[in-house]
Amino acid sequence: MAVAEPQVDFELDLQTLARDQIAGMSLDVATPDVVVLGENSPSSNRLDILIIGDGYTADQRDKFLGDAENLRVNFSKKSPYSEFENFIKWSALVVSSVQSGADHPPYNPNCTEYGKCCADPEAMYDPLAMMPGGTYVNTAFDSTFCRAPSVHRMLISDYAKVITTASAVPDWDTIFVLVNDSAYGGTGGGKVATFSTHEMVVEIAQHEMAYSLSKLDDEFSESL
C-alpha cells in the first residue's frame with residue numbers, strides 16, 4: 001500500500017514570534033551533553049544537523065540517542081540525502097524533561113482557542129486528547145499537538161527555548177526537535193523542524209526540513 005506524503009499546510013513566522021523572547025532567557029543546558037552520530041566530520045564543510053529531544057526524561061537518555069540514530073540512518077538512505085551523506089554531520093543534544101511525551105489538548109468540536117483545545121475531528125482518534133481535560137506534561141520545550149484548533153497534527157515546540165538551548169552548541173545549520181510521542185505530527189519554520197517519533201518519522205522529518213532549511217512551501221490547487 002502506498003503511503004501518502006505527510007502534509008502540513010499551516011505556516012507561522014516563528015522567528016518573529018520568538019525574537020523578543022530570546023533576549024535574556026537563561027540557558028537550560030549549562031554543560032551541553034552532545035553526542036556525534038556517525039562520522040565526526042569537520043563542521044566547516046558540512047551541513048550540520050542538530051537533533052534535540054523533547055519529552056525524554058533523564059532515564060530515557062539511551063532511548064533518545066537510539067531514536068536519533070535511527071532517524072539519522074534511515075534519513076540518509078533516502079534520495080537526495082543518500083547521495084550527499086558524506087557532506088552531512090549529525091549531532092544529538094541531550095536535554096532532559098521532567099515528564100515524557102507532549103501535550104494533547106482536549107477535543108472540542110467548537111474550539112476556537114489557540115493551543116487550548118482541538119476542533120480537528122482527527123483528535124477523536126487520539127486517546128490522550130479524548131481524556132477529560134486532555135493530556136498535559138512537563139517537558140523542556142513545551143511541545144504540543146493541535147497548536148491551531150483545526151489541525152491536530154500541528155506539533156510545535158517553544159521556538160525561543162529551542163534556539164536558546166541550541167546556542168550552547170557551536171556549530172549547527174538546522175535543528176530537528178525529536179518529540180518522544182508516537183502520535184503523527186510535525187511542523188517546520190525558521191531554523192527548527194519539530195516532529196514526533198511516529199512510524200513515518202523519516203518522511204515527516206524530510207517534509208518539515210523543506211520548510212525550515214530549504215524554505216520551500218506547499219502548493220495547493222482547487223477545482224472551480
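Atom set for the values below is all heavy atoms of this structure, side chains included, hydrogens, waters and symmetry mates excluded.
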At what distance, to the nearest 0.5 angstrom, does [atom1] of [X] lie from [atom2] of [Y]?
X	Y	atom1	atom2	answer
Asn74	Gln206	CG	CD	10.5 Å
Lys191	Phe176	NZ	CZ	13.5 Å
Trp172	Ile51	CH2	CD1	14.0 Å
Glu199	Thr197	CD	OG1	10.5 Å
Arg147	Lys116	CZ	NZ	8.5 Å
Asp142	Asp103	CG	CG	7.0 Å

Subject >> Derivation of the salt bridge (Lys or Arg N to Asp or Glu O under 4.0 Å) call for Asp33 and Arg61 >> reply: CA-CA 10 Å; Asp33 183 0; Arg61 180 181 186 274; 2.9 Å; yes
Is there side-chain contact between [X] and [Y], with heavy atoms separated by less than 4.5 Å?
X	Y	answer
Val151	Phe145	no
Val94	Leu65	yes
His198	Ile204	yes
Phe195	Leu178	yes

Connected via hydrophobic side-chain network under 4.5 Å: [X] and [Y]:
X	Y	answer
Leu50	Val179	yes
Leu155	Leu128	no
Met130	Met154	no
Tyr125	Met131	no
Tyr184	Tyr107	no

Grab the two heavy atoms, one from [X] and one from [Y], that are nearest each other, plus how far apart they are.
X	Y	answer
Gly189	Tyr159	O-CE1, 3.6 Å
Gly53	Phe141	O-CE1, 3.6 Å
Arg72	Glu69	NH2-OE2, 2.8 Å
Ala166	Ile175	CB-CD1, 3.5 Å
Ala58	Ser96	CA-OG, 3.5 Å
Gly55	Asn180	O-ND2, 3.0 Å

Subject >> Carboxylate-amine/guanidinium contact Asp173 Arg46, below 4.0 Å >> reply: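 Salt bridge between Asp173 and Arg46, a charged N being under 4.0 Å from a carboxylate O: no.
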Original post:
Out of Val162, Thr165, Thr139, which residue meets the side chain to side chain contact (heavy atoms under 4.5 Å, CB included) rule with Val95?
Top reply: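 Of the listed options, the one satisfying the test is Thr165.
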**OP:** Report the C-alpha distance between Glu203 and Lys78 in whole Å, list the side-chain angles of each, state the deciding distance to 0.1 Å, and finish with yes or no for salt bridge (Lys or Arg N to Asp or Glu O under 4.0 Å).
**Re:** CA-CA 9 Å; Glu203 289 79 10; Lys78 292 183 176 290; 3.4 Å; yes
Original post:
Is there less than 2.5 Å between the SG of Cys111 and that of Cys118?
Top reply: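 Between Cys118 and Cys111 there is no disulfide, given that their SG atoms are not under 2.5 Å apart.
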Using only heavy-atom distances, determine whether the side chains of [X] and [Y] contain a donor-acceptor pair under 3.5 Å.
X	Y	answer
Asp181	His104	yes
Ser143	Asp54	yes
Asp67	Tyr56	yes
Ser157	Thr194	yes

Original post:
Listed by chain and number, what are the side chain to side chain contact (heavy atoms under 4.5 Å, CB included) partners of Asn138, not counting sequence neighbours?
Top reply: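 Residues passing side chain to side chain contact (heavy atoms under 4.5 Å, CB included) with Asn138: Val98, Gln99.
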Without swapping roles, check the side chain of [X] against the backbone of [Y] for a donor-acceptor pair under 3.5 Å.
X	Y	value
Asn70	Gly66	no
Ser167	Thr164	yes
Gln60	Thr57	yes
Asp158	Lys161	yes

